[in-house]
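When a ligand or atom number is given, it counts from 1 through the structure's own listing order. Throughout, residue positions are numbered sequentially from 1 according to the sequence presented.
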Amino acid sequence: MVEAFDHGGGVRSVAVPIPDNPLGHTLVYVVDTDRGPVLVDTGWDDPDSWDTLTAGLRACGTWAGEVHGVVITHHHPDHHGLSDRVREASGAWVAMHAADAAVVRRTREARPEHWFTYMSAKLAAAGAPAEHLAPLRTPRTLPGLSPALPDREIVPGDLLDLPGRRLRAIWTPGHTPGHVCLHLEEEHPARLPGNGRLFSGDHLLPRITPHVGLYEDPDDATVTDPLGDYLDSLERIGRLAPAEVLPAHQHAFTDAPGRVRELLGHHEERLAGLLALLTEPLTPWQLAERMEWNRPWAEIPYGSRNIAVSEAESHLRRLVKQGRAEPVAGSEPVAYLAV
Ligand SMILES: [Zn+2]
Ligand SMILES: [Zn+2]
């Protein structure tokens with residue numbers, strides 16, 4: 001029996017399972033409006049997940065056909081996977097920030113050869129060894145992902161179309177380039193002190209830190225600074241000081257400024273730890289091998305190594321931008337050294 005958790009004030013959540021994933025669930029929020037419920041995220045595209053979502057909506061006293069709109073915090077499949085099915089069932093609009101909508105468009109148009117060439121060049125530049133690059137030289141088909149094209153753009157600072165409610169978009173890039181948090185500018189139903197409630201997506205979670213790697217765009221050579229973006233958007237949410245945070249995983253929590261301080265401290269420690277490793281020149285790959293992960297490097301599977309290297313690079317870019325590390329002139333692949 002699927003239940004919906006009542007957060008009060010016309011907001012409920014349904015825990016939609018993510019198959020074979022240690023995270024377990026995506027919390028899909030159901031916000032009552034004068035025109036029917038609006039969902040914040042939809043969950044993973046899987047028959048069981050869909051059944052859970054629809055049963056959860058019934059537990060909220062509504063059903064999928066009644067949904068007025070879908071607000072997506074970011075393009076990842078555990079958040080945006082079921083958006084097409086919800087739209088088909090209801091005719092609801094689906095809204096997303098333009099930067100993540102661009103990722104969705106690229107994913108839908110991606111030609112496998114193009115993607116594998118890009119990945120193999122990028123990993124080679126990061127110093128990946130030949131045996132890691134070899135599988136990329138024989139392109140396979142990409143997993144059949146065809147995420148839904150959103151039909152509305154989430155414009156930072158704007159109120160969303162939730163009749164009878166005040167839900168404002170806050171752009172919080174870092175985890176993805178177009179991640180948004182949604183601020184419900186209404187008094188907390190239990191009158192907890194603070195500034196409304198915040199749907200935080202993956203940006204601010206109570207017990208884990210989201211992955212912050214590089215923004216992957218084969219057609220854009222701009223040197224972005226995703227970790228810098230992430231830390232700036234964290235501070236922004238800390239200053240907002242919502243009374244309660246409604247995240248997309250785990251559970252609701254209070255004291256957002258305290259959690260923000262913890263995360264800023266964690267990342268500062270991590271950057272300092274990396275800097276201590278850069279007393280000898282290291283490529284991003286070599287740095288990733290030496291960084292601390294949740295298991296030894298030798299046990300990290302292939303795909304997760306790509307994610308780890310991407311995370312090492314986002315930290316290196318931050319250190320370079322802060323003037324704490326520098327690329328070694330003439331090194332190939334580029335190695336970095338503490339300043
Ligand atoms: Zn995510
Ligand atoms: Zn997520």
Side-chain angles (χ1 to χ4, degrees), residues 5 13-30 39-46 48-50 52-53 56 70-86 94-107 143 145 147-148 150 154 169-182 198-217 224 226-227 229-234 237 245-253 256 259-260 263 266-267 294 303-304 306-311 313-314:
F5 185 86
S13 61
V14 179
V16 176
I18 314 172
D20 305 319
N21 187 299
L23 260 182
H25 299 91
T26 303
L27 299 175
V28 171
Y29 291 94
V30 183
L39 306 186
V40 178
D41 291 335
T42 53
W44 191 274
D45 183 10
D46 178 82
D48 277 349
S49 313
W50 172 249
T52 304
L53 178 62
V70 172
V71 182
I72 296 296
T73 59
H74 64 299
H75 73 83
H76 286 163
D78 53 325
H79 299 259
H80 181 47
L82 285 171
S83 303
D84 240 350
R85 290 202 71 172
V86 173
V94 175
M96 187 184 277
H97 186 280
D100 270 29
V103 178
V104 165
R105 222 168 293 121
R106 281 201 303 275
T107 309
L145 278 179
I154 296 180
I170 303 177
W171 186 26
T172 50
H175 178 58
T176 68
H179 191 290
V180 292
C181 290
L182 290 313
L198 187 79
F199 299 102
S200 66
D202 280 358
H203 182 60
L204 190 63
L205 298 161
R207 285 180 284 118
I208 48 173
T209 56
H211 164 68
V212 179
L214 301 183
Y215 304 142
E216 315 273 9
D217 184 353
T224 53
L227 183 58
D229 292 345
Y230 177 68
L231 298 173
D232 289 347
S233 352
L234 265 186
I237 295 309
V245 179
L246 305 173
H249 304 290
Q250 302 183 323
H251 53 81
F253 61 101
R259 182 64 184 139
V260 164
L263 285 170
H266 161 83
H267 281 286
N294 58 1
S304 305
N306 293 343
I307 293 170
V309 173
S310 179
E311 198 154 319
E313 269 195 282
S314 71

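The number of heavy atoms from other shown groups lying within 6.0 Å of CH2 (W171) does not exceed 12.
The residue from T176, D202, D100 that alone fulfils the side chain to side chain donor-acceptor pair (under 3.5 Å) condition with H74 is D202. In summary, of the residues considered (T172, L263, T209), a side-chain contact (heavy atoms from CB on, under 4.5 Å) with Y230 occurs for L263 alone.
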Run D45 and R85 through salt bridge (Lys or Arg N to Asp or Glu O under 4.0 Å) and show every step you take. CA-CA 9 Å; D45 183 10; R85 290 202 71 172; 5.2 Å; no
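With respect to the Zn ion (ligand 2), D78 has OD2 as its nearest N, O or S atom. Closest approach between the Zn ion (ligand 2) and any N/O/S atom of H79 involves NE2. Looking at D202, its N, O or S atom nearest to the Zn ion (ligand 1) turns out to be OD2.
Within the coordination shell of the Zn ion (ligand 1), defined by N, O or S atoms under 2.8 Å, H175 is present. For residue H76, no N/O/S atom approaches the Zn ion (ligand 2) to within less than 2.8 Å. The Zn ion (ligand 1) lies under 2.8 Å from an N, O or S atom belonging to H74.
Between H79 and H249, the ring-plane angle classifies as perpendicular under the 30° and 60° cut-offs.
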